[in-house]
**Q** 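The structure follows.
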Amino acid sequence: MARHARNERPEQPFTGFKLAHAVLSADGTRAAFTGLTLGAGRVYGVSAEASCVWNPRHAAPRRWCGCGFYCLHELSDARSLGCATENRSALLLEVTAAGRYIRYERGLRYSRQRVRVIRDSWCGCGRPGTALADAGSGLIGWRYLAPVCAPCAAGRQALRIADFAARLDGPVRLEPAPAAPGTAATGTAAGDAADTRTDAIAVLTAEIALLHARLDDLQSRLDR
Ligand SMILES: [Zn+2]
Ligand SMILES: [Zn+2]
């Protein structure tokens with residue numbers, strides 16, 4: 001394998017947090033993950049080595065290219081990213097990052113990944129997910145799955161998250177999220193609660209924009 005002297009190599013693996021979509025093979029026997037945007041067409045298992053989707057001749061991650069796996073250092077940053085509309089059906093994973101890597105202020109882009117824990121997943125109704133149901137979309141050979149809670153899964157075909165994990169190609173721990181603040185109760189102060197949530201969402205959207213801006217800025221500084 002080609003080695004790039006400019007890229008750093010960690011002495012010890014990093015722990016990071018990321019979002020990924022759950023997928024199930026056409027015959028239902030194998031489970032895996034896919035990336036959100038850049039890696040959306042790539043299916044990966046518990047242990048995976050990154051390769052560049054644009055240029056198979058260079059090793060990922062490479063500066064001037066967006067290839068490689070991504071993770072964030074802080075669980076809270078990954079949770080913020082998970083609030084964005086397009087990421088609502090993603091699973092929050094805890095991973096170990098190793099191999100070649102490029103460091104950012106809030107995360108890493110790297111070559112080797114091991115998924116350790118499946119953490120948060122959220123049903124569209126706001127409750128934590130307990131199972132995964134067909135999301136109605138997919139790739140050739142793989143169906144996308146979306147988290148559902150027990151009440152919403154009633155009457156639908158759904159795979160318990162533990163059964164999904166058992167179909168992965170390696171052992172992964174499950175640490176489900178606690179219920180999100182402000183979503184558990186349906187009290188009389190519904191109007192107030194809705195206002196608070198709107199504010200929280202506005203703040204999170206701003207934070208996510210900032211996070212992306214920082215990553216881009218740091219990338220451009222690293223590349224100079
Ligand atoms: Zn590349
Ligand atoms: Zn639900």
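Atoms within a ligand are numbered from 1 in the order they appear, just like the ligands themselves. This structure is a prediction, so every number in the text was calculated from the model and none was measured.
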**Q** For the atoms SG of Cys125 and SG of Cys152, give the angle they form at the Zn ion (ligand 2), rounded to 10 degrees.
**A** 110°

**Q** To check your reading of the site, what angle at the Zn ion (ligand 2) do SG of Cys123 and SG of Cys149 form, to 10°?
**A** 120°

**Q** If you define the side chain from C-beta out and look only at heavy atoms, does anything of Pro147 sit under 4.5 Å from Leu91?
**A** yes

**Q** In degrees, rounded to 10 degrees, what angle do Cys67 atom SG and His58 atom NE2 make at the Zn ion (ligand 1)?
**A** 110°

**Q** To the nearest 10°, how many degrees is the angle Cys52 SG to the Zn ion (ligand 1) to Cys65 SG?
**A** 110°

**Q** Are any non-hydrogen side-chain atoms of Pro13 and Arg112 less than 4.5 angstrom apart?
**A** no

**Q** Would a 4.5 Å heavy-atom cut-off, applied to side chains only, mark Arg103 and Phe14 as touching?
**A** yes

**Q** Less than 4.5 Å apart, any side-chain heavy atom of Leu159 and any of Arg167?
**A** yes

